[in-house]
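Chain A is the first sequence line, chain B the second, and so forth, proteins listed ahead of strands; every chain is numbered from 1. As the structure is a computational prediction, the values presented were derived from the model and not from experiment.
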2 protein chains.
Amino acid sequence: RRALEFHIPAYLALGVDPERTKFYFQSENRTVLKLMARFSGRVTMAEMMAIYGDLTPGKVVAALLDAADILHPQLKARMPGVIPVGIDQDPHIRLARDLVKRTKREFGFTPPASIYHKFTPSLDGSLKMSKSVPESCIEIPEEPKSVERKIWKALTGGRGSLAEQRALGGQPEKCVVFELFKQHLIEDDRELDRIYEECRSGARICGECKTYATELMVQLMEEFAAKMDEARSLVRELEFLQE
Amino acid sequence: RRALEFHIPAYLALGVDPERTKFYFQSENRTVLKLMARFSGRVTMAEMMAIYGDLTPGKVVAALLDAADILHPQLKARMPGVIPVGIDQDPHIRLARDLVKRTKREFGFTPPASIYHKFTPSLDGSLKMSKSVPESCIEIPEEPKSVERKIWKALTGGRGSLAEQRALGGQPEKCVVFELFKQHLIEDDRELDRIYEECRSGARICGECKTYATELMVQLMEEFAAKMDEARSLVRELEFLQE
């Protein structure tokens, strides 16, 4: 299964601590599935349409499953939940909070809170990287050749010509490559500041940044590949929550 | 739990053979719950509304759960299912048959068939006994005093006066007490024929039938109570399907 071969080792390789994490499969978790069925009786179609717009039976079930995913740990122990989501997933948090109110007597859940991930912008500068548009994103892992090609085509804050860039300086605020530095590739704030200033002053040109970003990204892929090997052997020892 | 204390022993007491039966709780059956979630993606809201009319999230989930209940045994072995339902439950069979077509490639299920129970009419002669209207039905078990009172008030095919009934004869086709004889209380067709003819000819009056029905019903309750004791000890040994 894809999750066991890739997703879970990838979480571990990217830093999730297996000692402090419980993994489970939604489809194997009877507690989640039962809670979903219970929740289905506590919300009206009009309310769900107000949250999600047009509904299909699949969306109804998926939304209730998400709420059950979010709240089921509280069946064991009352705990505040902080759910990391993209802003596009916020409706699920709202639904879960509504369901907490509806089932106050029955379950006494604490309303979950959420934190919102910043999207990594698409390489062409639009809202976010999307797997369904391969040219918009860099996958983890991805071949060095392909990483290089994609970064080289990415939107930057560069000007129309080298002369113009030297004179006016670049615009790092608009630059996807700088965004990659910020979000993923460079941890040191002083280094980021330096690159920012060099860009703004015209001392640094886009080719340098692209070359550097490619280097760092390829290095990240290599480290990731090594950690994945380690993580795959860890996964074999993981205990999955079975309920 | 009510099912373990009453419903399952009652099924056994009424004749279900535990050797040839698999019992499970829908809410504990992961296979059913997973199948429901899969089915949710294979039907549109418009289709469900065409079958069920106005929908709530609860109805959507319950209907898909019913279809999963009906079809999940086929995940183990392809088998034709014959599902006993009241005619009011027919929509679930239709939905299950539609889902068989939709998931042909994925699951290759055989469409289920159904048989339709005759309703036992309400004691006042209307469509069916209903637990939500206590005076409409005799419960199993029920106290002899209460059985007697209810049967005594039941709709019969009797005439306006004794003289009229002797002259014209009764109308067993309209008589709830005769229906109780037919459906539940008398197995011997010759005895039923005899009562029918005696009623039609005016030789038999309603009081006789009511007294007899009460006797038979109270006897049924006593036998049921004895078998329930036996069945309750059987339930402790039952293995419930856990998936």
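A distance of 6.5 Å separates OG1 of Thr56(B) from CE of Met45(A), quoted to the nearest 0.5 Å. Between atom CG of residue Leu55(A) and atom OG1 of residue Thr44(B) there is a gap of 12.0 Å, rounded to the nearest 0.5 Å.
Environment of OH in Tyr11(A): sparse, with no more than 12 heavy atoms of neighbouring residues, nucleotides or ligands closer than 6.0 Å. Shown here is Asp17(B), whose CG atom has more than 12 heavy atoms of other residues, nucleotides or ligands within 6.0 Å. More than 12 heavy atoms of other residues, nucleotides or ligands sit less than 6.0 Å from atom CD of Glu106(B). Atom CZ of Arg94(B) has 12 or fewer neighbouring heavy atoms from other residues, nucleotides or ligands inside a 6.0 Å radius. The number of heavy atoms from other shown groups lying within 6.0 Å of CZ (Arg38(A)) does not exceed 12. Atom CD of Gln89(B) has more than 12 heavy atoms from other residues, nucleotides or ligands within 6.0 Å.
Considering only heavy-atom pairs separated by less than 4.5 Å from chain B, the leading option among Ala37(A), Gly41(A), Ser40(A), Gly58(A) is Ser40(A).
If you measure heavy-atom distances from Ser27(B) to chain A, the contacts under 4.5 Å come from both the backbone and the side chain. For a residue to count as touching a neighbouring chain, one of its non-hydrogen atoms must lie under 4.5 Å from one of that chain's; by this rule Val60(B) touches chain A with the side chain only.
Looking at every heavy atom in both residues, Glu28(A) comes nearest to Lys34(B) through OE2-NZ, 2.6 Å. When every heavy atom of Pro57(A) is checked against every heavy atom of Leu64(B), the shortest pair comes out as CB-CD1, 4.4 Å.
With contacts defined as side-chain heavy-atom distances shorter than 4.5 Å, the pair Met36(A)/Met36(B) qualifies.
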